[in-house]
Participant: 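Can you read through this structure? Questions will come right after.
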Amino acid sequence: MGIMSKSPWILHYDGSSCNGCDIEVLACLTPLYDVERFGIVNTGNPKHADILLITGAVNEQNKEVVTNLYAQMPDPKVVVALGTCATSGGIFRECYNVQGGIDTTIPVDVYVPGCAVRPEAIIEGVVKALGVLELRAAGKAQTHTPTGKVKA
Amino acid sequence: MGTRTVIPFGPQHPVLPEPVHLDLVMEDEKIVEAIPSLGYVHRGLEKLAAKKDFNDMVFVSERICGICSFIHSMAYSTAIENIMKVEVPERAQYLRVMWAEMSRVHSHLLWLGLAADALGYESLFMHSWRVREKVLDVIEETSGGRVIFGTCKIGGVRRDVDAATLDKTLKMFDDIEVECQEIVHVFAGDPSVHKRVAGVGILSKDDAYALGAVGPVLRASGVTWDARKLGYAAYGKLEWEPVVETGCDVPARVLVRAKEIFQSIGLIRQAIKKMPKGPVEVRVTGNPNGETIMRVEQPRGELVYHIQANGTKNLARFRVRTPTFANIPPLVKMLPGCELADVPIIVLSIDPCISCTER
Amino acid sequence: MSDEQSIELVERSQVSAKAAEFKAGGWRLVQISSVPTLGGQEITYSFDKAYRLQSVRTTVPNADPVLPTITGAYFAAFTYENELQDLVGLKVLGLPLDFKGNFYRKAMNAPLTSSNPDGKAG
Amino acid sequence: MKLGMPGMVLRSAAKKPATRRFPAEIRPAYSATRGHVAMDIAKCNFCTLCQLRCPTGAIVVNKQEKTWQIDRMRCILCTACVGACTRKCPTMETSYAPPVGERRESLVRFTQAAVPGTSPAGEAGRA
Amino acid sequence: MTGLVGAVAFVVLAPVVGGLIAGLDRILSARLQARVGPPVLQPFWDVLKLLSKRRALVTVFQEYYAGCFLLFAIVAGAIFFGGGDLLLTVFSLALAGVFLVLGAYAPNSPYSTIGAERELLQMMAYEPMLLIAALGCFMATGSFHVDAIYAHPTALVGRLPGVFLGLLFVLTIKLRKSPFDLSASHHAHQELVRGLTTEFSGPTLALVEVGHWYETVLLLGLVYLFLAALGPWVALAGVVVVYALEVLADNIFARLTWRVTVASAWTVAAILGATNLLAVHYLKQ
Amino acid sequence: MTNDNGLSYLLPGILIVLPLVPALLLAVVRGQAMRSAVVWTGALAVAAGSVWLAAGHLSGPPLALAFDLPWLDRAVAGAGLLVSLYMLFACRGIVKREWWIPVLIVAQTVVMVLVEVAGPRAERPIVIDQLSLVMALIIGIVGGLICIYALTYMEDYHRHHPEVSDRKPLFFFLLFAFLSAMFGIVFSNHLGWMHCCWEVTTLCSFLLIGYSRTEEARRNAFRAMGFNAVGGLSFGVAIWWQLHNGRAIELDSMAAMGSAALVPAVLIGFAGLTKSAQLPFSSWLLGAMVAPTPVSALLHSSTMVKAGVFAVLKFAPVFHGHTAGYLIALVGGATFLATSLAAISMSNAKLVLAYSTIANLGLVVACAGVGSPEAVWAGMMLIIFHAISKGLLFLAVGAVEHRTGSRDIEDMEGLLATRRALGIVMIVGIIGMFLAPFGMLVAKWTCLKAFVEVNPLLAILLAYGSAPTLFFWTKWLGKVISVPGAARPAVGPLSANEWAAVGTLAVLTVCACVLFPLVSDYAVAPYLARQYAGAMVAPAGVGIMALMLGLLVLAIMAFIFYPPRGQVSARYLAGANMGAAGNTFRGPLGEVTPASRNYYLMGFFPEGKIILGGSLASIALMIVALAAVLR
Ligand code: NFV
Ligand code: SF4
Ligand code: SF4
Ligand code: SF4
């Protein structure tokens with residue numbers, strides 16, 4: 001395990017979610033799940049973060065914000081889409097104002113399903129993301145996975 | 001360079017769990033102007049009614065918000081049931097009250113934690129959420145979901161809860177009540193919290209009423225108004241009184257929500273104890289035709305569903321006015337004149353829920 | 001249900017005066033909503049007093065999508081009225097705090113009008 | 001209790017942490033928990049009822065090829081499909097679906113063998 | 001010569017000790033919050049991770065200021081542990097602080113700038129008490145030199161109880177502990193995002209972190225100085241208790257405002273510190 | 001102790017007279033070219049003269065010129081009378097509320113006439129010791145540089161202020177006349193002569209503050225004159241007291257008299273307090289900031305106000321160990337604390353400089369009042385460092401003001417980026433004022449040590465007063481070094497004249513820091529050794545200071561030769577960044593440019609109340625001090 005995966009600092013952003021997934025992200029920080037055990041720190045600041053945990057289907061107005069935040073994270077970095085909304089648009093897929101998932105806007109490295117996504121799944125998703133982060137730090141993984149909606 | 005400081009507060013801001021933005025204009029740290037901008041969570045889900053079967057709209061409505069999801073689905077279901085004149089079985093009505101109140105307890109605990117956090121009181125946040133996890137356990141055991149209950153449907157509820165689980169629920173809440181007492185005791189009695197919040201975020205009784213404040217914000221300003229008194233579900237058959245405080249400031253709002261936690265636990269007990277045996281749903285056939293304006297009490301206040309149906313499976317209008325939407329003008333009123341350090345707690349004092357607000 | 005409801009129809013020009021009347025009577029503004037009709041929008045204003053809900057309804061034709069504001073009586077109506085501007089494409093006259101279409105920035109204009117078919121832009 | 005916050009934190013420090021040490025320690029699921037949709041493809045007759053009732057379009061049933069596919073990244077765990085199926089093929093399991101690295105990994109397809117009942121459900125991808 | 005040994009030992013060991021203290025701090029905090037907390041070496045992983053991140057700054061000057069912050073934090077400690085002048089230590093610490101603040105000013109970004117302002121307010125709040133502490137050491141021992149103060153036969157805390165308490169008070173500010181973690185909090189949910197350190201990232205942030213470790217060790221050294229004559233074990237135990245109390249304080253207070261910080265720190269410095277000095281002065285006469 | 005070296009004998013006299021030549025020339029020449037030539041020549045001559053004098057006499061015993069020229073005495077007295085009369089004449093336009101000003105001047109004139117009747121005599125009317133030489137160097141070098149700077153400044157000034165009538169000949173005449181008077185003050189051993197020069201500086205200050213002839217300038221000029229007249233009167237009374245008691249009116253012998261000279265020492269000290277704008281007299285100096293910036297730099301920061309503390313410092317041996325001295329020290333301490341606090345709420349750069357000037361003078365007063373060798377060492381060092389750094393800062397602010405049209409600190413945002421050289425000199429000036437290892441801090445450090453040995457109270461005041469200086473200097477510095485968010489108008493280059501002054505002062509600031517041990521050894525220590533019978537004060541911590549400076553230089557070098565590289569990212573704007581560079585954010589109604597204004601905390605540090613409090617404390621202390629000596 002490289003150094004990257006020993007100290008994953010996260011930025012959580014709500015990309016137009018319903019809150020369900022967001023409070024589960026917060027729950028991960030609290031005593032019952034306590035992700036600080038893995039060195040995970042919720043930074044609240046893109047400039048300090050290694051992992052972007054993002055929920056929601058991304059609406060018209062949020063596109064710009066998501067892109068900004070992603071751009072402001074220093075390399076190497078990974079993106080984890082949390083919850084059905086973030087992975088595919090979920091039930092809001094057909095709404096006029098949503099893009100339908102994070103990968104419509106920025107490249108996503110790990111998709112975590114669930115509505116709402118469970119804290120355990122979030123932790124698993126982060127662990128999976130750490131693998132990508134390590135590869136990227138070692139220059140072994142491409143910096144960006146291709147963007148684009150996967151048509152199911 | 002300017003004569004005043006101008007900073008963006010949000011959309012991504014660690015004290016805001018959700019994206020919302022305020023243009024803060026300050027002199028030193030005093031806020032002279034705070035203009036909100038919304039729209040970061042506007043999904044446009046009201047328009048889904050044109051595409052989705054009215055039955056499926058329950059799933060949409062409970063995903064308006066992951067915190068107050070159950071009451072959304074209950075409000076929507078009740079609205080349709082009213083239009084279609086469906087008699088919902090009594091047991092379902094009591095179960096709805098039980099889940100609605102569980103949802104309120106978890107929402108209020110969540111809020112207490114976030115409010116503590118907004119004051120930089122991390123350990124209190126941690127402890128509030130530690131207790132909240134116990135509530136979530138009960139919710140999961142009875143409904144199958146932690147935050148999206150998924151139990152309400154038109155005509156009743158999707159699942160029954162067996163007697164043993166109800167018993168266990170009662171016991172769990174005895175424990176939760178004790179823990180909540182401790183949290184509330186700490187929150188209300190902590191000198192550093194007091195120093196920070198006393199007299200902060202004043203909203204006079206008249207302002208609260210005139211600006212259309214709802215829920216704990218309204219009740220903390222001394223107005224007795226609680227939509228549950230309208231008696232939907234089984235509320236008409238239970239004994240309780242709205243919690244009202246007259247402090248008009250942040251501590252009063254803390255107190256209202258704190259007391260409502262115990263009120264809700266009391267209601268859960270009553271509901272479980274008075275719950276009759278019987279079926280939990282009726283079969284609903286046909287399409288609704290008619291109109292109703294349904295009001296229920298969410299953790300954050302009065303929620304309004306305006307439903308117009310035209311006899312097809314798609315509703316003519318699915319309109320949701322959420323409590324936070326109503327509490328935005330009071331918030332805009334409260335901010336100017338406060339200190340930057342107080343912005344988080346004042347914003348949180350209305351317990352904002354943007355996903356509800358913008359739908 | 002003890003939730004009594006009634007709806008009164010009024011002319012568009014009377015909306016402000018009507019709102020002022022409610023205000024004077026000690027009513028609280030509960031909501032403003034819109035329902036698309038064939039040629040326009042029905043705008044419903046709901047007020048509450050002691051758990052009694054009273055609504056006022058007016059219609060706005062699509063040909064002339066303007067509406068007077070009721071912020072004179074209920075300042076808090078500015079949120080609803082901005083929403084009407086953004087989602088229904090009305091022009092609310094006399095808004096004290098006009099977000100000019102930025103209340104919600106959307107991928108489609110006036111999504112909640114009947115002339116606007118479902119489906120998303122882009 | 002009377003000590004306020006100092007009492008609370010010191011007592012916490014004296015006690016065992018409330019933390020459940022996931023993944024080493026996993027709480028047994030409640031029977032009601034909605035984790036993911038499982039499918040008993042053997043029973044399916046491809047009536048597409050589930051597909052019709054799924055609010056997110058997560059299910060795609062192909063009668064010709066006798067396949068039943070679910071997109072885990074679309075499923076909102078609403079149980080509508082479970083309720084809709086008259087043959088009780090889809091069921092709601094308590095374990096959650098795992099995260100994936102590629103979007104397409106989340107498409108899970110079940111194929112019915114030519115002779116129903118003789119061969120177990122085939123599954124592509126992870127279920 | 002011993003001075004040089006002390007200074008070198010500080011330069012080499014302080015980051016190790018400081019990092020460990022930070023790790024224990026985080027574990028203790030977690031336990032107070034009914035959590036397990038990170039491994040004790042976590043702060044080191046954090047810093048190593050930061051060092052291996054790509055640089056991304058608003059202006060390259062930030063790195064320069066962060067470097068100078070670290071440099072002068074080290075100098076301050078080296079003066080102290082080298083047995084040098086206590087006042088110079090305080091000044092050097094202030095110099096380090098100023099560089100950190102400049103690093104936050106440099107990008108001219110809103111939260112960073114507000115963090116800088118607040119950090120300055122904090123510095124203004126604790127500066128009098130630090131100077132008073134140094135003055136107290138002089139009055140009690142007749143020297144500003146750390147080695148002389150250290151060698152003083154009676155414990156300073158006996159002559160200067162007020163100064164000692166006042167020092168503990170401002171230590172809370174200096175260590176960025178609640179209720180005075182105004183300019184940059186350890187955890188995310190602050191109105192200032194990350195305040196002072198908002199615009200630092202990657203290796204630059206690592207410099208700041210390490211600088212804080214040096215500062216922590218220096219400050220605890222100052223506490224030790226007040227107890228030194230009681231013997232190393234007692235003094236060390238005292239330092240541990242003091243730090244534990246700081247962590248406890250961090251967990252039992254909401255964050256207070258800058259007004260309260262400045263007003264209370266100055267009042268404490270006056271009531272506990274200044275009064276103590278005057279008492280020592282007039283009792284001696 | 002008479003020195004027979006002919007030239008040395010004449011030099012002090014020459015230095016006093018020398019500036020009068022360019023002064024008179026400047027009063028008549030018109031064109032800028034001619035004026036430049038005269039100013040440059042005059043300034044260089046004055047500077048060279050002072051350096052020459054210092055070079056010859058810095059080491060060694062004081063140079064006392066013994067001569068008895070009654071006509072000269074009378075001429076000086078006559079000049080003093082003329083000055084008083086002119087001031088009275090100027091008072092004709094005064095408003096009713098300020099009736100006290102002419103009354104004071106009349107009173108002072110009466111006292112001086114009485115003194116003259118008593119026929120003051122001094123055997124050694126001129127004495128030059130290291131303290132005078134240090135002052136002379138400041139006057140000669142810093143003063144000369146400021147005069148050169150004023151050449152361009154005044155051109156720009158009149159371009160920016162067409163409404164002000166162009167009286168440059170008068171202006172430059174006054175500058176040089178003022179230099180002459182300053183030399184007079186520092187060289188005079190004859191109290192009467194000193195008083196006369198003292199009055200001349202008051203008059204120059206009055207005329208220069210009122211230069212623009214606006215209502216505000218006029219009012220402030222009168223306030224300055226009035227407050228200085230209070231001091232002048234007190235000074236006069238001191239002389240009269242000495243004569244009346246049949247005592248010497250020679251500064252050096254008085255200073256050597258110890259507590260016997262306490263009464264005049266306190267009286268002259270009081271005059272010094274007014275001249276150096278200590279509380280409660282601070283307001284005149286703030287008001288003086290309406291004058292063109294070179295005036296602020298020269299009169300109201302680097303030199304004239306220093307005459308005040310110079311006078312107090314001269315009597316330091318008298319104050320040493322005496323309650324009255326300690327009380328005067330406390331006045332300085334209170335002034336330091338109060339004005340440092342007051343400076344927090346100032347965003348006008350000149351007012352910050354003004355308050356900080358008063359504060360630092362307060363420190364010197366405190367040093368003088370304490371009067372111990374270390375304290376005097378610190379006081380002299382403070383005078384040197386302050387004169388250079390503060391002169392530099394004033395000139396830099398003036399240069400910025402003439403290019404951006406604002407002297408507001410907030411408008412200096414990004415100066416380092418838009419105008420690198422000007423930014424750097426301003427930074428040098430600012431850090432010179434408060435940061436280790438720079439000069440001012442060295443002096444403050446010694447102050448702390450000197451104060452705590454006597455009584456911790458003064459040291460505590462200093463501890464409290466230092467904190468706000470840290471605050472207001474750093475926030476200013478922060479503005480200057482921050483990277484501008486929006487494109488700011490480029491600032492035009494400085495003229496050669498301005499560079500000559502600003503650049504030299506910047507270099508001097510750094511040199512003073514590097515070379516302060518030498519300054520201490522050659523100028524300050526010998527003075528102390530004589531004043532305090534062999535007291536040795538050596539600067540401490542030189543090694544560490546040098547180390548710190550070395551590290552700083554190293555860091556700068558490292559930065560220059562190995563500039564950090566890496567991606568440059570947009571500012572953190574809560575994710576709402578907009579625009580190509582991401583420097584603006586999206587607000588509810590569209591694009592918003594973020595702005596960061598420094599904190600001024602008016603409500604928390606109310607200038608008015610702080611100054612009032614400090615003034616009341618000072619008045620009380622002065623009364624007690626007076627009572628203590630008269631008892
Ligand atoms: N606002 C809101 Fe809700 C609630 N309570 C409501 O309808 O939370 Ni998300
Ligand atoms: S996936 Fe479900 S719970 Fe999560 S944000 Fe979307 S709707 Fe809410
Ligand atoms: S799973 Fe059930 S509902 Fe779906 S196609 Fe098969 S049999 Fe029909
Ligand atoms: S659980 Fe709901 S969303 Fe998931 S497949 Fe079944 S019907 Fe579709």
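Everything quoted here is computed from the prediction, not taken from an experiment. Throughout, a chain's letter reflects where its sequence line sits, starting with A, and its residues are numbered from 1.
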Participant: Is chain A contacted by the side chain of A570(F), its backbone, both, or neither, given a heavy-atom distance below 4.5 Å?
Facilitator: both

Participant: Check whether Q72(A) reaches the backbone of R571(F) with its side chain - one donor and one acceptor, N or O, closer than 3.5 Å.
Facilitator: yes

Participant: Before you tell me yes or no, could you show the steps for E64(A) and M578(F) under side chain to side chain contact (heavy atoms under 4.5 Å, CB included), namely the whole-Å CA-CA distance, both residues' side-chain angles and the distance that decides it to 0.1 Å?
Facilitator: CA-CA 8 Å; E64(A) 192 180 43; M578(F) 256 183 108; 4.0 Å; yes

Participant: Measure the OH-CG distance between Y572(F) and N68(A) for me, rounded to the nearest 0.5 Å.
Facilitator: 11.0 Å

